[in-house]
*Asks:* 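Attaching a single structure in structure tokens format; questions to follow.
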Amino acid sequence: MVRELREQDAIRSEPVAAAFAAVPRHLFAPGEPLEAAYAPQGIVMVKRGPDGLALSVMSAAHLQAVMLEQARIEPGMRVLEIGSGGCNAALIQELAGEGGHVTTVDIDADITVRARACLAAAGYEAGSVVLADAEGGVPAGMPYDRIIVTAAAWDIAPAWISQLASRGRLVVPLRLRGLTRSVAFDREGDGLVSRGYCLARFVPVRGDGAYQERKIILRDGVVIQTDDPDVRPEAGALDRALDTPGLELWSGASWDLPDELELFLTASLPGTGCLHASPAVIDQGIIAQSARLGVTAMITSDSFAYRVRRADESAGGYESGVIAHGPQARALAEQYADALRQWARDHFHRGAAQFRYLPRDSAPVPLPEGAIAKRHGVITISWH
């Protein structure tokens, strides 16, 4: 497992490699085969809700490694983990060492009981597993040198900033208009500034920090998901738009680094959401293949546009394009294509974005163009 994580560039430092070599993952996945516990990309289900959806999982070793590299935990640090599975807390204890202190908190009593038992069975400190709503953090252990959130957070709780040391770092899987990115934030005055980000997928935060994103069903197998309050689609009008031929517009820009491209489009275009289509709908040719796992869409009340690609050696292998439906198809397609060209021209590399987070009472008025308003604060993204 450690060898594969090195080869995949998830493990980049010797301390993280040593931590993964030391922690017996199978003791945090009782009843699971060794192959499941030590699979670099596999999760282990811990608890499902009544609807069958995951409430808690043991995250894939790959994702744990990437986030621990983001955190840069040093010996002697005080660390707060939000979301308790036990295994990640053990990895953090290895990194913080005997002089450090690790607190892990979860809202679910079943999860904290399990975490304590697994930590004890593996020979790790189990006394700092706390049952609480993590929206309030854990004041008793503050200030924390590092706070690592292991659930998808729609916003950053004020307590996470106030309980962070002045030179502390917060690593959080942040939800942004249907996307999730694990962002490593350093504290900067009253707010936060990012030092890096990566793809991530987590179960959502529960409790006071939960946020219900809207899902608009156009028809069976076609859904738009958004948290943007400015997006006010009319499902019936968009469904009718699907019955009209899609307008295709090709940008001439190369298609690559799709995770970086999606982030740029989602943050830069107005009125965005994530368009999802089922395999059956895609097979019928109603929606293109790019929507199978979700694709950034520009949405108005009666029209929408989304990204596609086609083979084109002159564009570096693939060319980015747009398909649009509805009365405003031409205008949406042209705006979307302009964004594709801008990204390919100016930001076609990894790490092009820098995030800043400011609490509401510190945010400028009016908000800058492109700012993403959250419950407790505002996110701005600059591109280089």
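Predicted model, so just to flag it, every value in this text is computed and none were measured.
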*Asks:* Could you give all pairs that pass the side-chain hydrogen bond (donor to acceptor under 3.5 Å, both in side chains) test and reach residues 140-154, with sequence neighbours left out?
*Replies:* Trp154-Asp227
*Asks:* Are Ile73 and Ile148 side-chain neighbours, meaning at least one heavy-atom pair lies under 4.5 Å?
*Replies:* yes
*Asks:* Would you confirm whether Arg195, through its side chain, and Val183, through its main-chain N or O, come within 3.5 Å as a donor-acceptor pair?
*Replies:* no
*Asks:* Any donor-acceptor pair under 3.5 Å linking the side chain of Thr244 with the backbone of Ala241?
*Replies:* yes
*Asks:* Checking His276 side chain against Val295 main chain: does a donor-acceptor pair fall under 3.5 Å?
*Replies:* no
*Asks:* When the side chains of residues 92-100 are checked against the rest of the protein, which donor-acceptor pairs come out under 3.5 Å, sequence neighbours left out?
*Replies:*
{"unit_1": "Gln93", "atom_1": "OE1", "unit_2": "Glu125", "atom_2": "N", "d": "3.3"}
{"unit_1": "Gln93", "atom_1": "NE2", "unit_2": "Glu125", "atom_2": "O", "d": "3.0"}
{"unit_1": "Glu94", "atom_1": "OE2", "unit_2": "Tyr124", "atom_2": "OH", "d": "2.7"}

*Asks:* Taking the side chain as every heavy atom from C-beta outward, state whether Gln163 and Pro139 have any pair of such atoms under 4.5 Å apart.
*Replies:* yes
*Asks:* Compare all side-chain heavy atoms of Arg356 with those of Glu188 and state whether any distance is below 4.5 angstrom.
*Replies:* yes
*Asks:* With a 4.5 Å cut-off on side-chain heavy atoms, are Met142 and Val138 touching?
*Replies:* no
*Asks:* Go through Asp155 and Arg375 one step at a time and tell me if the salt bridge (charged side-chain N to carboxylate O under 4.0 Å, His left out) criterion holds.
*Replies:* CA-CA 7 Å; Asp155 197 3; Arg375 182 182 295 142; 5.7 Å; no
*Asks:* Could you go step by step and tell me if Ile11 and Glu69 meet the side chain to side chain contact (heavy atoms under 4.5 Å, CB included) rule?
*Replies:* CA-CA 7 Å; Ile11 289 179; Glu69 292 286 8; 4.1 Å; yes
*Asks:* Exactly one of Leu164, Leu174, Ile147, Val171 should register a side chain to side chain contact (heavy atoms under 4.5 Å, CB included) with Phe185. Which one does?
*Replies:* Leu174
*Asks:* Can you tell if the side chain of Ile372 reaches within under 4.5 Å of the side chain of Val378, non-hydrogen atoms only?
*Replies:* no
*Asks:* Is the shortest side-chain heavy-atom distance between Leu261 and Phe348 below 4.5 Å?
*Replies:* no
*Asks:* Does the side chain of Ile217 come within less than 4.5 Å of Val222's, by heavy atoms?
*Replies:* no
*Asks:* Does the distance from a Lys or Arg side-chain N to an Asp or Glu carboxylate O, for Arg177 and Glu213, drop under 4.0 Å?
*Replies:* no
*Asks:* Using the side-chain hydrogen bond (donor to acceptor under 3.5 Å, both in side chains) definition, which of the options His26, Glu32, Arg25 pairs with Tyr38?
*Replies:* His26
*Asks:* Donor-acceptor pair, distance only, cut-off 3.5 Å: does the side chain of Thr380 make one with the backbone of Gly370?
*Replies:* no
*Asks:* Identify every side-chain donor-acceptor pair in residues 331-343 under 3.5 Å, counting partners at least two apart or on other chains, and give the distances.
*Replies:*
{"unit_1": "Tyr336", "atom_1": "OH", "unit_2": "Thr296", "atom_2": "O", "d": "2.7"}
{"unit_1": "Tyr336", "atom_1": "OH", "unit_2": "Arg307", "atom_2": "N", "d": "3.4"}
{"unit_1": "Asp338", "atom_1": "OD1", "unit_2": "Arg341", "atom_2": "NH2", "d": "2.7"}
{"unit_1": "Arg341", "atom_1": "NH1", "unit_2": "Ser251", "atom_2": "O", "d": "3.2"}
{"unit_1": "Trp343", "atom_1": "NE1", "unit_2": "His347", "atom_2": "O", "d": "3.3"}

*Asks:* Among the clusters formed by ILVMFWY side chains lying less than 4.5 Å apart, do Trp160 and Val193 turn up in the same one?
*Replies:* no
*Asks:* Transitively linked via ILVMFWY side-chain contacts under 4.5 Å: Ile216 with Val231?
*Replies:* yes
*Asks:* When you compare the side chains of Thr300 and Gln328, does any donor N or O come within less than 3.5 Å of an acceptor on the partner?
*Replies:* yes
*Asks:* For the residue pair Ala157 and Glu135, what are the closest heavy atoms and their distance?
*Replies:* CB-O, 3.4 Å
*Asks:* Apply side chain to side chain contact (heavy atoms under 4.5 Å, CB included) to Cys118 and Leu27, showing your working.
*Replies:* CA-CA 6 Å; Cys118 290; Leu27 296 183; over 6 Å; no
*Asks:* Judged by atom type as modelled, is there a donor-acceptor pair below 3.5 Å linking the side chain of Arg175 to the main-chain atoms of Gly178?
*Replies:* yes
*Asks:* Quick check: do Tyr306 and Val322 have side-chain heavy atoms less than 4.5 Å from each other?
*Replies:* no
*Asks:* Backbone N or O of Asp208 within a donor-acceptor pair of the Asp133 side chain at under 3.5 Å?
*Replies:* yes
*Asks:* Answer yes or no: is there a donor N or O on one side and an acceptor on the other, between the side chain of Arg310 and the main chain of Ser320, under 3.5 Å?
*Replies:* no
*Asks:* Is Asp256 salt-bridged to Arg309, going by a charged N under 4.0 Å from an acidic O?
*Replies:* no
*Asks:* So does Glu262 pair up with Arg181, basic N to acidic O under 4.0 Å?
*Replies:* no
*Asks:* Assess, by modelled atom type and distance only, whether the side chains of Ser254 and Glu319 contain a donor and an acceptor separated by less than 3.5 Å.
*Replies:* no
*Asks:* Passes side chain to side chain contact (heavy atoms under 4.5 Å, CB included), Leu131 versus Asp106? Steps please.
*Replies:* CA-CA 5 Å; Leu131 175 63; Asp106 202 283; 5.8 Å; no
*Asks:* So, the side chain of His325 versus the backbone of Asp302: is there a donor-acceptor pair under 3.5 Å, distance only?
*Replies:* no
*Asks:* Going by distance alone, is a donor N or O of one side chain under 3.5 Å from an acceptor N or O of the other, for Gln70 and Ser182?
*Replies:* yes
